[in-house]
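Notes for the one structure printed next.
So you know, we letter chains A, B, ... as the sequences are listed, proteins then strands, and number each from 1. The structure displayed is predicted, hence computed values, not measured ones.
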Amino acid sequence: MKNTAIAKIFQDIADLLELKGEIVFKIRAYQRAARAIEHLPREIAVILREGGSLRDIPGVGEAIEKKTTELVNTGKLQYYEELRSEFPPGITTLLEVPGVGPKTAMRLTTELGVNTIEDLEKALLDGRVAGLFRMGEKTAENIKHALAALRRKDQRIPIGEALPLVEQIQSVLSTVPGVKNIIAAGSLRRFRETVGDIDMMGTADDPEKVIQAFVRLPMVGQVLAQGTTKATVLVAGGLQVDLRLVEHQNFGSLLQYFTGSKQHNIALRTRAQRQGLSLSEYGITDVRSGQIETFATEEDYYKRLGLQYIPPELREDTGEIEKAEKGQLPGLVELSDIKGDLHAHTEWSDGNGSIEDMAVAAKARGYQYLAITDHSAGRGIAHGLSVERLKQQIAEVRAVEEKVGIRLFTGMEVDIRSDGTLDAPEEMLSQVDLVVAAVHSAMSQDQDKMTQRMIKAMESPHVDILAHPTCRLLGEREPISVDIEAIYRAALNNYTALEINAMPSRLDLKDIHAYRAREMGVKLVIGTDSHRPEHLGYMRFGVGVARRAWCRAEDILNTMPLVEVEAFLRRGK
DNA sequence: GCCGTTTTCGGCCCGACTGTTTTCAGTCG
């Protein structure tokens with residue numbers, strides 16, 4: 001059983017216990033464990049198989065360890081089955097409706113026989129909800145709206161769409177006179193791969209003016225609320241954007257609060273409590289004296305708590321606070337550390353720019369090198385390179401290299417066939433500086449076959465990089481089924497770098513995978529898989545993933561200067 | 001149910017909003 005499935009069950013248990021009216025602390029314990037398991041960089045099944053302990057996972061104690069073990073070993077959990085049988089099936093879906101909490105859900109079920117979203121809709125329409133004791137027209141109306149919004153709302157949107165939107169908003173609002181800061185907090189600032197909504201914060205001399213400019217932005221579809229310091233709007237696709245203006249001296253505490261994650265903040269407050277401090281979005285209060293200290297910057301805020309500054313990408317309550325206490329947080333890789341891109345396409349296969357276009361764009365980014373890795377001739381891939389065309393391409397790469405003045409690596413992105421062989425003859429593979437291998441077909445193979453297939457490819461003496469290792473497309477295609485730990489080991493044994501593919505639709509490896517790979521000592525590389533010159537800008541998305549994986553510059557191959565990358569390519573695997 | 005330079009027992013994050021009350025429960029982030 002996968003971690004995601006285990007986490008889902010514990011979250012479900014928390015919901016059911018909430019409906020049951022259990023004490024909140026027990027409910028929180030299950031929620032915390034669910035989140036911790038969801039974010040775990042290793043599969044629990046693997047940890048157990050290797051005789052490891054689950055008690056190291058924060059929030060997992062004796063009872064939850066036992067239940068997790070039962071789930072992994074039998075695929076079922078007695079406790080969960082019994083708990084579920086106490087309620088009508090589907091009742092927890094009611095909790096997904098904003099405004100409906102456990103108390104309301106239970107009353108809907110017991111007093112109105114409402115068990116599903118459809119039942120709820122009917123009960124709202126015929127006025128039964130409004131007729132409940134301590135409920136009224138207004139409450140029913142609010143639930144009706146929330147339900148409509150829930151249906152309309154698209155899934156969480158990829159960070160690749162959200163970030164450019166935020167930057168548009170920033171660029172307009174920062175021109176309003178008197179604006180000092182405008183920044184997105186929340187999951188976007190933590191660089192999660194998808195975001196549910198956008199929380200923006202700022203400081204300004206005249207907040208009202210900024211709010212007015214905000215609600216008049218061209219991308220705003222509907223204004224939900226507008227006050228003097230706060231406004232909420234919907235933009236295209238139903239995405240909600242909040243803007244909140246605050247006093248300058250409070251900016252640090254507020255930014256910290258709204259950046260989250262919730263789990264990080266809870267852990268932080270629990271710790272502060274032991275020091276006699278109480279944390280809130282307004283600052284840090286000394287419980288005994290009642291004195292509140294405010295903070296203009298997050299750096300000062302963390303410092304006051306006796307902690308190293310914790311970068312937003314690490315704020316997930318996965319051990320960052322303990323490390324910050326000891327001053328042991330790693331210095332994370334920055335976009336400015338990147339010295340080149342080792343995965344790019346041109347019009348020689350399915351790309352949209354010439355070799356020169358790509359080289360010029362790479363040079364403009366300050367890169368020392370760029371690899372041209374067009375597709376091999378394999379089935380399903382447009383305009384793959386033949387032996388003859390590759391020869392011509394190499395000649396052109398060399399000419400452009402001379403002309404533009406940037407080191408260009410000749411290369412190929414070669415398809416890994418279903419049996420693990422490479423879709424290019426030896427005479428091609430041996431001619432290029434760098435080979436990127438990737439799965440593009442037969443993605444539904446079973447786990448054993450897929451794992452063997454990829455390992456076989458990595459064992460080829462020519463393969464330098466395994467690209468987008470899990471082949472997922474965010475919101476579109478599930479990852480392939482593969483023993484990911486075996487892939488890490490094979491990468492290590494065969495001196496193959498694993499790619500963090502920076503295309504916003506891929507982000508593959510994802511954060512927790514990259515975390516574990518790094519921990520095992522695997523060399524990672526961030527590649528944009530660019531198909532046109534401006535795609536080189538995707539690099540920042542890959543860097544975001546790497547930072548969430550706690551990567552330092554030295555963990556990433558393409559932060560290395562040219563000579564070291566050349567040494568890597570000559571490593572004689 | 002978890003956890004410990006207060007504790008193996010007794011605690012457990014913080015504040016705001018809303019609607020329906022007549023002092024607050026429920027929900028949210």
Counting the atoms with a prime plus P, OP1 and OP2 as sugar-phosphate, which does A:V100 contact under 4.0 Å by heavy atoms, base, sugar-phosphate, or nothing?
sugar-phosphate
How many whole angstroms separate atom CZ of A:F133 from atom P of B:dT20?
12 Å
For A:D56 and A:S53, which I'm curious about, is there any donor-acceptor pair between the side chains at under 3.5 Å?
no
Check every atom of B:dC14, B:dT27, B:dG1 against the side chain of A:P102 and return the nucleotide holding the closest atom.
B:dT27
Given the P atoms of B:dT20 and B:dG15, what is the spacing between them in whole Å?
27 Å
Under 4.0 Å between any heavy atoms, over every strand shown, what does A:K67 touch: base, sugar-phosphate, or nothing? Just pick one.
sugar-phosphate
Could you tell me how far B:dT5 sits from B:dG1 if I compare only their P atoms? Round to whole Å.
23 Å
Nearest of B:dC14, B:dG26, B:dG1 to any side-chain atom of A:K26?
B:dG1
Side chain of A:I64 only, heavy atoms from C-beta on: which candidate in B:dG1, B:dC14, B:dT20 is closest?
B:dG1
Closest non-hydrogen atoms of A:G196 and A:S187, given as atom of the first, atom of the second and distance, are N-OG, 4.5 Å
Can you measure A:K262 atom NZ to B:dG29 atom P for me and round it to whole angstrom units?
9 Å
What is the separation between atom CG on A:D286 and atom P on B:dC14, rounded to the nearest whole Å?
13 Å
Please state how far atom CD in A:E96 lies from atom P in B:dG29, giving the value in whole angstrom units.
13 Å
Could you measure between the two C1' atoms, the one in B:dC12 and the one in B:dT8, and give it in whole Å?
16 Å
Does a side chain donor of either A:Q256 or A:N265 reach within less than 3.5 Å of an acceptor in the other side chain?
yes
Given the C1' atoms of B:dT18 and B:dT23, what is the spacing between them in whole Å?
15 Å
Could A:R35 and A:E38 be called an ion pair, given the rule that one side-chain N must be under 4.0 Å from one carboxylate O?
no
For B:dG29, does the base pair up with any side-chain atom of A:Y257 as donor and acceptor (N or O, under 3.5 Å, distance only)?
yes
Please measure how far the P atom in B:dC14 lies from the corresponding atom in B:dC9, and state the result in whole Å.
26 Å
Can you tell whether the side chains of A:D555 and A:R552 come within less than 4.0 Å, N to carboxylate O?
yes
Looking at A:R548 and A:E193, is any side-chain nitrogen of the basic one under 4.0 Å from a carboxylate oxygen of the acidic one?
no
How far does the P atom of B:dC2 sit from the matching atom of B:dT6, given to the nearest Å?
23 Å
Please state how far atom CD in A:Q256 lies from atom C1' in B:dC14, giving the value in whole angstrom units.
12 Å
Please determine whether a side-chain nitrogen or oxygen atom of A:Q273 lies at a distance below 4.0 Å from atom OP1 or OP2 of B:dC14.
yes
Please tell me which of the listed nucleotides, B:dG19, B:dT27, B:dG1, lies nearest to the side chain of A:R134?
B:dG19
Start at the 5' end of DNA chain B and walk down; is the nucleotide closest to A:Y282 or to A:Y79 reached first?
A:Y79
Hey, which of these two, A:E137 or A:T285, hits DNA chain B nearer its 5' end, going by closest nucleotide?
A:T285
Given atom CG of A:L19 and atom C1' of B:dT27, what is their separation to the nearest angstrom?
14 Å
Write down the distance between CZ (A:R28) and P (B:dG11), rounded to a whole number of angstrom.
15 Å
Take the protein atom CZ of A:R55 and the nucleotide atom C1' of B:dC3, then report the distance between them rounded to whole Å.
10 Å
Would you mind classifying the nucleic acid contact of A:L268 as base, sugar-phosphate or nothing, using non-hydrogen atoms under 4.0 angstrom?
nothing
Write down the distance separating the P atoms in B:dT27 and B:dT21, rounded off to the nearest Å.
15 Å
Can you tell me which nucleotide in B:dG1, B:dC14, B:dT21 comes closest to the side chain of A:F25?
B:dG1
At under 4.0 Å, does any side-chain N or O of A:N142 touch on OP1 or OP2 of B:dG19?
yes
Parallel, tilted or perpendicular, judged at 30° and 60°: which one describes the rings of A:F295 and A:Y301?
perpendicular
Give a yes/no on whether any side-chain N or O of A:T139 is located under 4.0 angstrom from OP1 or OP2 of B:dT18.
no
Only pairs with both distances under 3.5 Å count, Watson-Crick or wobble alike; so what is the partner of B:dT27 in this structure?
B:dA16
